[in-house]
Amino acid sequence: MRTPTDSPTTLIWLRRDLRLADNPALALALAHGERPLVLYIHAPEEEAPWAPGAASRWWLHQSLASLEQRLRALGGQLILAAGDSLAMLRATAKATNATAVYWNRLYDPALVARDSRIKQALRGGGLRCESLKAQVLFEPWELATGAGQPYRVFSAFWRKAAPRLDGAPPQPSPIALPAPPPGIPSLPLAALGLLPRHPWAAGLGQAWHPGEPGAQALLDAFLGNAEHYGEQRDLPAVSGTSRLAPHLHFGEISPRQVIAALAAEAPGGLTGAAEPFVRELGWREFAHHLLYHYPYTPQEPLDPRFAAFPWRTDGAEALLAAWQAGRTGIPLVDAGMRELWQTGWMHNRVRMVVAALLTKQMRLPWQAGARWFWDTLVDADLAANTLGWQWSAGCGADAAPYFRIFNPVRQGERFDPQGDYVRRWCPELAALPAPWIHSPWAAPDATLHRAGLRLGRDYPAPVVDLVQGRAEALAAWEQLKGGSPVQATRPAFD
Ligand SMILES: Cc1cc2nc3c(=O)[nH]c(=O)nc-3n(C[C@H](O)[C@H](O)[C@H](O)COP(=O)(O)OP(=O)(O)OC[C@H]3O[C@@H](n4cnc5c(N)ncnc54)[C@H](O)[C@@H]3O)c2cc1C
């Protein structure tokens with residue numbers, strides 16, 4: 001596709017919509033016959049205090065590399081910049097003779113504020129600006145209770161949302177893009193400094209293929225198994241979930257594309273065997289709804305009583321370190337934390353178990369767990385992570401009540417009955433027979449001996465007593481519920 005090099009352009013400001021198919025901002029420019037130029041600005045400080053963590057930065061590097069390649073193949077270019085977003089947009093608009101800037105909306109509180117400030121400023125400077133819906137199926141303001149309030153209960157939210165899903169076909173990727181004007185200033189990808197120096201990233205590279213083609217391949221693979229999702233989704237030893245979360249977070253695939261593919265290809269469409277999966281996408285929507293309407297929740301509990309929760313203070317640092325390192329002595333928890341460290345992902349059932357141990361038996365603040373996930377998950381997402389942690393800690397919307405305390409041994413016996421998941425991530429326990437795999441401390445000495453295992457040497461003894469930890473957590477809850485004047489005692493881990 002050829003256009004005169006000095007004809008006006010439209011900047012497509014990509015952020016977490018790193019795809020060419022079903023990209024409303026790009027599609028709008030093409031539909032208007034405009035000349036789109038794709039720009040990515042690296043400005044992590046504008047996301048503070050939730051600038052992308054180390055695993056997210058690794059992903060972002062790979063995803064931008066993939067996008068750069070795809071754009072070049074279509075005749076376009078990815079313009080890379082770093083620094084103040086408004087200044088970069090203005091400078092690039094000037095250098096490229098742009099008359100308009102389009103982008104797809106994000107809902108993290110810091111970005112909502114930044115984007116509306118930028119829209120005003122650009123419009124004030126005479127540029128046309130449009131922001132569009134792409135990251136979610138429903139804008140947070142599209143759905144409200146009968147009283148016009150935001151939802152706080154998932155089932156009611158989903159009753160309203162699910163019938164509105166239409167499975168309409170998404171926009172395909174353009175097959176060619178107009179050539180960019182020559183000499184546009186752009187940084188090399190390496191200059192963004194996204195890659196960690198830590199050798200840990202090698203494990204991420206083995207586990208994932210960031211970018212639009214990788215996302216599409218995972219979706220295609222999942223469609224063949226979607227009807228079994230309901231039976232398999234809680235079994236961490238089985239690959240029964242889609243693993244689409246990081247691709248959805250970075251917008252390499254849109255929720256609309258996923259819904260449309262399920263509507264067309266899953267047996268029974270959206271309400272058939274794939275319904276439990278569609279519902280999980282509903283939780284993703286609910287998470288965005290909550291974050292938009294309660295923007296303080298990444299830091300503060302939605303249930304204000306929990307601001308005064310008597311978290312543990314003695315030995316808190318050591319317990320947190322054991323949890324982070326996957327050395328708590330509780331096998332299902334350690335397996336999950338090691339899976340996280342090695343692959344940047346953890347199975348959802350195990351996320352719930354590790355979060356429950358941290359916030360209940362260990363009585364450490366959910367914010368400390370959320371921070372660790374933020375840095376280590378490739379799918380770290382402010383909306384979903386906040387919801388997941390507040391749900392687990394019992395202080396969020398529709399949360400598990402605090403007094404309902406998961407027993408990680410029972411959870412292991414139920415969802416990893418043969419211990420295959422634990423054996424994969426805690427190889428030092430591999431020879432333990434199934435009846436003891438989730439509670440090695442209860443195994444007879446002879447069994448431990450036969451398995452070549454000495455607790456405290458080859459594998460830690462539990463760092464917290466599950467029975468006593470549970471009792472202490474319940475006592476803390478009673479104290480909070482009774483409204484006795486407890487001091488807020490959150491240790492500063494951040
Ligand atoms: C403590 C805790 C922290 C979490 N942090 C995150 C996070 O930072 N980012 C994140 O994407 N998910 C988070 N989750 C939710 C969930 O664990 C992951 O979305 C899921 O494990 C990702 O794997 P998958 O893509 O194979 O999921 P699938 O089971 O295949 O689900 C499909 C998609 O639905 C969405 N989804 C599924 N479950 C949830 C949920 N409970 N809340 C919101 N969206 C959901 C995700 O986009 C996911 O990709 C967290 C859960 C807990 C308990």
Side-chain angles (χ1 to χ4, degrees), residues 16 50 52-53 55-56 59 107-108 135-137 154 157-158 207-208 214-215 218-219 221-223 225-226 228-236 238-255 257-259 261-262 266 274-291 298 323 333 336-337 339-340 343-360 365-400 406 411:
R16 292 208 300 262
W50 296 101
S56 299
W59 189 288
Y107 306 91
D108 302 12
Q135 184 76 347
V136 290
L137 297 164
F154 175 73
F157 173 83
W158 195 230
W208 301 98
L218 270 190
L219 174 61
F222 179 71
L223 286 172
N225 195 45
H228 303 296
Y229 179 80
E231 313 129 43
Q232 296 182 340
R233 60 181 289 252
D234 267 322
L235 307 175
V238 174
S239 290
T241 71
S242 71
R243 293 178 155 256
L244 281 170
H247 299 282
L248 282 163
H249 171 77
F250 284 96
E252 297 164 358
I253 194 163
S254 72
Q257 286 174 289
V258 179
I259 288 290
L262 287 166
E275 195 277 336
F277 179 76
V278 177
R279 208 179 163 76
E280 290 311 308
L281 292 172
W283 276 97
R284 181 177 179 277
E285 296 292 313
F286 186 49
H288 284 84
H289 182 84
L290 290 171
L291 180 62
W323 180 85
V333 171
M337 298 308 291
E339 179 179 33
L340 173 61
T343 70
W345 185 84
M346 190 197 302
H347 189 277
N348 179 61
R349 169 61 47 183
V350 191
R351 290 188 202 200
M352 293 196 285
V353 171
V354 304
L357 183 87
L358 188 85
T359 56
K360 309 277 172 87
W366 59 270
Q367 292 94 331
R371 263 293 165 199
W372 183 251
F373 271 30
W374 186 255
D375 205 33
T376 51
L377 273 176
V378 287
D379 62 39
D381 180 273
L382 198 57
N385 201 39
T386 301
L387 171 69
W389 276 97
Q390 291 223 20
W391 185 92
S392 300
C395 60
D398 214 3
F406 274 171
Q411 290 283 311

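One-based numbering, in listed order, for ligands and for the atoms of each.
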Asks: Using a 4.0 Å heavy-atom cut-off, say whether Asp381 meets ligand 1 through its side chain, its backbone, both or neither.
Replies: both
Asks: Would you mind finding which of Gln390, Arg284, His288 brings a heavy atom closest to atom 47 (O) of ligand 1?
Replies: Arg284
Asks: Against ligand 1, does His249 come closer than 4.0 Å with any heavy atom?
Replies: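 No.
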Asks: So Met352 and Trp391, side chain to side chain contact (heavy atoms under 4.5 Å, CB included) or not? Walk me through it.
Replies: CA-CA 9 Å; Met352 293 196 285; Trp391 185 92; 3.6 Å; yes
Asks: Would you say Ile253 and Leu218 make side-chain contact, with heavy atoms under 4.5 Å?
Replies: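 Side-chain contact under 4.5 Å: no.
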Asks: So, His247 side chain and Asp379 main chain: donor-acceptor pair closer than 3.5 Å or not?
Replies: no
Asks: If we set the cut-off at 4.0 Å for heavy atoms, which region of Phe373 has an atom near ligand 1: side chain, backbone, both, or neither?
Replies: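 Under 4.0 Å from ligand 1, Phe373 contributes side-chain atoms alone.
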Asks: Using modelled atom types only, decide if a donor and an acceptor are shared between the side chain of Asn385 and the backbone of Ala370 within a distance under 3.5 Å.
Replies: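 Yes, Asn385 side chain to Ala370 backbone: donor-acceptor pair under 3.5 Å.
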Asks: Can you list the ligand 1 atoms lying under 4.0 Å from a non-hydrogen atom of Gly388?
Replies: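 Near Gly388, meaning under 4.0 Å from one of its heavy atoms, ligand 1 has 1 (C), 2 (C), 52 (C).
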Asks: Anything under 30° is parallel, anything over 60° is perpendicular, the rest tilted; go ahead and classify Phe373 against Trp323.
Replies: parallel
Asks: Just to confirm my output: which protein heavy-atom neighbour is closest to atom 17 (O) of ligand 1, and how far is it?
Replies: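 So the nearest neighbour among protein heavy atoms is Asn348 OD1, 2.7 Å.
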Asks: Got the closest protein heavy atom to atom 14 (N) of ligand 1, with its distance?
Replies: Arg351 NH1, 3.5 Å
Asks: I need the nearest protein heavy-atom contact for atom 39 (C) of ligand 1: residue, atom name and distance, please.
Replies: Glu280 OE1, 3.7 Å
Asks: For the residue pair Trp59 and Phe250, does the interplanar ring angle fall in the parallel (under 30°), tilted (30 to 60°) or perpendicular (over 60°) class?
Replies: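 It falls in the parallel class, under 30°.
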Asks: Enter the distance from His249:NE2 to Arg284:CZ here, rounded to the nearest 0.5 Å.
Replies: 9.5 Å
Asks: Considering only non-hydrogen protein atoms, determine which one is nearest to atom 3 (C) of ligand 1 and report residue, atom name and distance to 0.1 Å.
Replies: Asn385 OD1, 3.4 Å
Asks: Is there a polar contact, in the sense of an N or O pair closer than 3.5 Å, between Leu387 and ligand 1?
Replies: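 N/O-N/O distance under 3.5 Å: no.
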Asks: Determine, step by step, whether Trp158 and Phe286 satisfy the ring-ring contact (aromatic ring centres under 6.0 Å, His included) criterion, reporting the C-alpha distance in whole Å, the side-chain angles of both residues, the deciding distance to 0.1 Å, and the verdict.
Replies: CA-CA 8 Å; Trp158 195 230; Phe286 186 49; 9.9 Å; no
Asks: Of all the atoms in ligand 1, which lie at a distance below 4.0 Å from a heavy atom belonging to Leu244?
Replies: 25 (O), 49 (O)
Asks: With a 3.5 Å distance limit and no angle check, can you tell me whether Arg16 reaches the backbone of Gly251 through a side-chain donor-acceptor pair?
Replies: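 Absent.
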Asks: Considering heavy atoms of the protein only, find what lies nearest to atom 23 (O) of ligand 1 and give residue, atom and distance to 0.1 Å.
Replies: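 The closest heavy atom on the protein side is Trp345 NE1, 3.1 Å.
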Asks: Using a 3.5 Å distance criterion without hydrogens, assess whether the side chain of Trp283 forms a donor-acceptor pair with backbone atoms of Ala384.
Replies: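 No, the answer is negative, given that no donor and acceptor are paired below the 3.5 Å cut-off.
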Asks: If we set the cut-off at 4.0 Å for heavy atoms, which region of Phe277 has an atom near ligand 1: side chain, backbone, both, or neither?
Replies: side chain
Asks: Under 4.0 Å from any heavy atom of Leu248, which atoms of ligand 1 are there?
Replies: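 That gives atoms 47 (O), 49 (O) of ligand 1.
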Asks: Under 4.0 Å from ligand 1, counting heavy atoms only, is it the side chain of Ala245, its backbone, both or neither?
Replies: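 Within the 4.0 Å criterion, Ala245 contacts ligand 1 through backbone and side-chain atoms alike.
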Asks: Quick one: does Tyr229 get within less than 4.0 Å of ligand 1, heavy atoms only?
Replies: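 Right, Tyr229 reaches ligand 1.
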Asks: For Ala380, take its heavy atoms, then give the atoms of ligand 1 lying under 4.0 Å from any of them.
Replies: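 That gives atoms 8 (O) of ligand 1.
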Asks: So which protein heavy atom does atom 10 (C) of ligand 1 come closest to, and at what separation?
Replies: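 Checking every protein heavy atom, the shortest distance to atom 10 (C) of ligand 1 gives Ala384 CB, 3.4 Å.
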Asks: Just by distance, do the side chain of Glu285 and the backbone of Leu137 share a donor-acceptor pair under 3.5 Å?
Replies: yes
Asks: I'd like to check whether Trp283 has a polar contact with ligand 1, where a contact means an N/O of the residue lying under 3.5 Å from an N/O of the ligand.
Replies: no
Asks: Within less than 4.0 angstrom of ligand 1, does Phe222 place any heavy atom?
Replies: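 False for this residue.
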Asks: Does Arg371 make a cation-pi contact with Trp50, if we ask for NZ or CZ under 6.0 Å from the ring centre and within 45° of the axis?
Replies: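 Yes, Arg371 sits over the ring of Trp50.
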Asks: Kindly compute the distance separating CZ (Arg351) from CH2 (Trp345), expressed to the nearest 0.5 Å.
Replies: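 Reported to 0.5 Å precision, the distance equals 6.5 Å.
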Asks: Going through the checks in order, is the side chain to side chain donor-acceptor pair (under 3.5 Å) test met by Gln232 and Asn225?
Replies: CA-CA 10 Å; Gln232 296 182 340; Asn225 195 45; 3.1 Å; yes
Asks: Distance from Asn348 atom CG to Thr241 atom OG1, nearest 0.5 Å?
Replies: 8.5 Å
Asks: Looking only at protein heavy atoms, which one is nearest to atom 33 (C) of ligand 1, and how far off is it?
Replies: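 The closest one turns out to be Leu281 CD2, 3.9 Å.
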Asks: Please determine whether any non-hydrogen atom of Trp374 lies less than 4.0 Å from an atom of ligand 1.
Replies: no
Asks: Between Trp389 and ligand 1, does any nitrogen or oxygen pair lie at a separation below 3.5 Å?
Replies: no
Asks: I'd like to check which ligand 1 atoms, numbered from 1 as shown, lie under 4.0 Å from a non-hydrogen atom of Met352.
Replies: 53 (C)
Asks: Polar-atom distance check: Asp379 versus ligand 1, any N or O pair below 3.5 Å?
Replies: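 The answer is yes, given that Asp379 and ligand 1 share an N or O pair closer than 3.5 Å.
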Asks: Does the residue Arg243 have a heavy-atom contact with ligand 1, meaning some pair of atoms that are separated by less than 4.0 Å?
Replies: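 True for this residue.
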